[in-house]
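Throughout, protein chains are lettered first and strands after them, A, B, ... in sequence-line order, and every chain is numbered starting at 1. Quick caveat: nothing in here was measured; it's all calculated off a predicted structure.
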Amino acid sequence: MSADCLRQEYVVSGNNFASAGSASEEVKSTLKKLGVSSADIRRVAIAMYEGEINMVIHAGGGVATVDIYLDRIEIVLADKGKGIENVELAMTPGWSTAPEDIRALGFGAGMGLPNMKKYTDKFEIESEVGVGTTVKMTIYFH
Amino acid sequence: MTVNNLADLLNAKIVNLADGERELSTGYCGDFLSFVMGKAPADCAWFTVMSNVNVCAVATLADCGAVVLCEGVTPDDALVEKVRLQDVNMLMTDYDAYTAATLTAGRFK
Ligand SMILES: Nc1ncnc2c1ncn2[C@@H]1O[C@H](COP(=O)(O)OP(=O)(O)OP(=O)(O)O)[C@@H](O)[C@H]1O
Ligand SMILES: [Mg+2]
């Protein structure tokens, strides 16, 4: 982190749907105040919400660290959840382990990770079973 | 077509009207939230039967112009509270999503 970057950190609590998305909502309003275009804000908001909700549903919560620069935003979502056994498989559109009660809420299409990749300029995911998952995303502003 | 026009066309009940004059770009039908986020265009009217609190987060973050709850579905209390707080336009109609779509098709600019 350097002086020309604004850092924000959010604790995302697990299995709490009332507050799920609040970190993404705050980042959205920060970017709005900074004058970032609505198309770029939309990409950031969707990618971050998908990551946030994955931590809520699949990992029992985690931490989102957001660095905002003049030309880009870097988002790191880190959790100490159960991890992903096969990341390549998890990235496949339609693949999901979401249980029935979570599907009833509208989650579990298996499209969250593909959306995160689609809406970001850089997307990295590292995961270890029993240790946790870290997702790093960068979006450049136009 | 504005949110007010949409409400008239669908004989809709108002859950929350934050900006009735907001111009809608097109429509999108879907219930899986990640399909909506991956495919629904900004400023669209989103037709769905999902009625839990997460609908508000999706509508806000994906910049939906209005949410239309179809089939006479009523929103959870937590959802009503959140759309009011976050200024999301939300309507309720007795039509199913297909009928609502056919009634509004061709009317978006
Ligand atoms: N942070 C995480 N910790 C553990 N497992 C995860 C995590 N993120 C994703 N997964 C695993 O990867 C799968 C695919 O994730 P993805 O977000 O694409 O779909 P989903 O969350 O199941 O459904 P959707 O995002 O469409 O609501 C999940 O079902 C889960 O098994
Ligand atoms: Mg997901």
**Request:** For residues B:A57 and A:A20, report the shortest heavy-atom separation together with the two atoms involved.
**Result:**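 That would be CB-O, 4.4 Å.
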
**Prompt:** Taking all non-hydrogen atoms of both residues, which atom of A:M111 and which atom of B:F35 are closest, and how far apart?
**Reply:** CG-CE2, 3.6 Å

Taking atom [atom1] of [X] as the centre, report whether more than 12 heavy atoms of other residues, nucleotides or ligands fall under 6.0 Å from it.
| X | atom1 | result |
| --- | --- | --- |
| B:D77 | CG | no |
| A:Q8 | CD | yes |
| A:L70 | CG | no |

Measure distances from [X] to the heavy atoms of chain A and classify the residue's part below 4.5 Å as side chain, backbone, both or neither.
| X | result |
| --- | --- |
| B:A78 | neither |
| B:E81 | neither |
| B:M37 | both |

Distance (rounded to the nearest 0.5 Å) between [X] [atom1] and [Y] [atom2]:
| X | Y | atom1 | atom2 | value |
| --- | --- | --- | --- | --- |
| A:S22 | B:K82 | OG | NZ | 7.0 Å |
| A:I46 | B:D63 | CD1 | CG | 8.5 Å |
| A:F17 | B:N54 | CZ | CG | 6.0 Å |
| B:L33 | A:F107 | CG | CZ | 5.0 Å |

**Check: A:K118 side chain, B:G38 main-chain N or O, donor-acceptor pair, under 3.5 Å** = yes

**Prompt:** Quick one: what part of A:A39 sits under 4.5 Å from any heavy atom of chain B, side chain, backbone, both or neither?
**Reply:**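 Interface part for A:A39: neither.
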
**Request:** Give, as side chain, backbone, both or neither, the part of A:A18 having an atom under 4.5 angstrom from any heavy atom of chain B.
**Result:**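 For A:A18, the contact with chain B is made by the backbone alone.
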
**Message:** Quick check: do A:K28 and B:T60 have side-chain heavy atoms less than 4.5 Å from each other?
**Reply:** yes

**Which of A:A104, A:G21, A:A109 touches chain B most, by non-hydrogen pairs under 4.5 Å** =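 Between A:A104, A:G21, A:A109, the count favours A:A109.
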
**Message:** Quick check for you: among A:P93, A:G112, A:A45, A:G106, which has the greatest number of heavy-atom pairs under 4.5 Å with chain B?
**Reply:**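 The residue among A:P93, A:G112, A:A45, A:G106 with the greatest pair count is A:G106.
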
**Asked** Do A:E50 and B:S34 have side-chain atoms, one donor and one acceptor, less than 3.5 Å apart?
**Response** yes

**Prompt:** According to a 4.5 Å side-chain heavy-atom criterion applied to Ile, Leu, Val, Met, Phe, Trp and Tyr, with indirect links allowed, do B:V58 and A:L113 form part of one hydrophobic cluster?
**Reply:** yes

**Message:** Do B:M1 and B:M92 sit in one hydrophobic cluster, given that two such residues count as connected whenever their side-chain heavy atoms are within less than 4.5 Å of each other, even indirectly?
**Reply:**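 No: no chain of side-chain contacts under 4.5 Å links B:M1 to B:M92.
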
**Request:** Look at A:R103 together with B:D31 and state whether they make a salt bridge at an N to O cut-off of under 4.0 Å.
**Result:**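 The answer is no: the pair does not qualify as a salt bridge.
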
